[in-house]
Amino acid sequence: MPELPEVETVRTDLKRKLLNKRIKEVEVRLPKIVRPKNFAATLTQNSFVDVTRRGKLIIFHLKKKGFMLVHLKMTGQLVFRDHDQFTVGGHSQKGMGMDLPNKYSHVIFKFEDESQLFFNDLRQFGYLKIVNQTELNKVLAKFGVEPLEPEFTPEKWQKLTENRRTNIKAFLLNQAVVTGIGNIYADEVLFASHVLPTRTVNTLTTREKTAIYKNIRLILQKAIDHRGTTFNDYVDGDGKKGSFIQFLKVFHKNGEPCPDCGAIIQKTRVVGRGTHFCKNCQV
DNA sequence: CTTCTTGTTACTGA
DNA sequence: ATCAGTAACAAGAA
């Protein structure tokens, strides 16, 4: 599941590779994935001059007016292939991680230097959308604070958590509060902070709130350093898996012993999501 | 066959 | 107005 660390990894990978390459052709194999109807025509002969991110949303800045927004949702991938990476003598090269395009390649960008960018999505939840500046502003207005930016201060966190009567898991998943946290990192942050996912936000002590604040920053940054978490589908801009899975302490560990105390990790459902915790370490 | 998976949003109700 | 809670979406794995 691409969350902030995974999306950030893809963003930096792609920014390094495809800036200012002229787009020769865009092949849309599954039209419902893109918007608006003139998606391919808008991009043809255009180029990307910057790649930025807000929460889990990737923003490609177009040379000729506008932006392309890409959301990977659960199983989306953006994989770049240089010319010599996917064909050798006309044959698909093996051992590169994945052969592309595959049956989940719904949009293919072809650049003038014969490199390609593939948008793959098994569940077809993701999307690519061209917007203008006004539309972009409207979309970004709904996003909460970026947890790794300087604007996310302890004071701001204390203010955000005042008078909230929802549980802390739902609060961490709420993109209008803090952007970029999904199911994996919500569970990991709460375990590291010794707080149960079902705790109501306004009953948390200052000490607990501070622990959550610090762990959001620590864990997201460490996950970026390890290029994200790959369970099934997530890959970086090269089609390679992230390695943060080895640092997960509770997510998908139900039935296994807690790494801190040895108690069995529990799994329940909170706000409709699989939620993992140690009933001994978290209160 | 049923159940499970998650990011986001529409919708409902307080 | 603001906040909270839930269903729905999609499609494949088990």
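Reminder, nothing fancy here: chain letters follow the sequence lines and each chain counts from 1. This one's a predicted model, so the numbers in the text were calculated from it and none came from an experiment. Computation of the quantities below employed the complete heavy-atom set of this structure, encompassing side-chain atoms and omitting hydrogens, waters and symmetry-equivalent molecules.
Here Lys103(A) lies out of heavy-atom contact (under 4.0 Å) with every strand. At the heavy-atom level, Lys32(A) lies under 4.0 Å from the strands shown only through sugar-phosphate atoms.
Salt-bridge annotation for Glu188(A) and Lys249(A): absent, with no side-chain N of the basic residue lying under 4.0 Å from a carboxylate O of the acidic one.
With DNA chain B read from its 5' end, the first of the two nearest nucleotides for Lys142(A) and Met1(A) is the one closest to Met1(A). In this structure, Phe171(A) and Arg273(A) both approach DNA chain C, and ranking their closest nucleotides by distance from the 5' end singles out Phe171(A).
Put simply, chain A comes within 4.0 Å of DNA chain C, heavy atom to any atom, from dA4(C) to dG12(C), going 5' to 3'.
The side-chain contact (heavy atoms from CB on, under 4.5 Å) search around Thr198(A) returns Leu196(A), Val270(A), not counting sequence neighbours. Lys169(A) pairs by the salt bridge (charged side-chain N to carboxylate O under 4.0 Å, His left out) definition with Asp187(A), not counting sequence neighbours. Shown here are the side-chain hydrogen bond (donor to acceptor under 3.5 Å, both in side chains) partners of Asn137(A), two or more places apart in sequence or in another chain: Gln133(A). With sequence neighbours excluded, no residue forms a side-chain hydrogen bond (donor to acceptor under 3.5 Å, both in side chains) with Asn167(A). Considering only residues two or more places apart in sequence or on other chains, Arg29(A) meets the side-chain hydrogen bond (donor to acceptor under 3.5 Å, both in side chains) condition with Glu27(A).
Contact check of residues 121-134 of chain A against DNA chain B (heavy atom, cut-off under 4.0 Å) returns Arg123(A), Phe125(A).
Here the C1' atom of nucleotide dG7(B) and the NE2 atom of His71(A) are 6 Å apart, to the nearest Å. Between Arg35(A) atom CZ and dT8(B) atom C1' the separation is 13 Å, expressed in whole Å.
Under the ring-ring contact (aromatic ring centres under 6.0 Å, His included) criterion, the residue pairs touching residues 22-53 of chain A are Phe48(A)-Phe60(A), with sequence neighbours excluded. For residues 253-273 of chain A, there are no ring-ring contact (aromatic ring centres under 6.0 Å, His included) pairs, not counting sequence neighbours.
In this model, the phosphate group of dT8(B) is approached by a side-chain N or O of Gln175(A) to a distance below 4.0 Å at OP1 or OP2.
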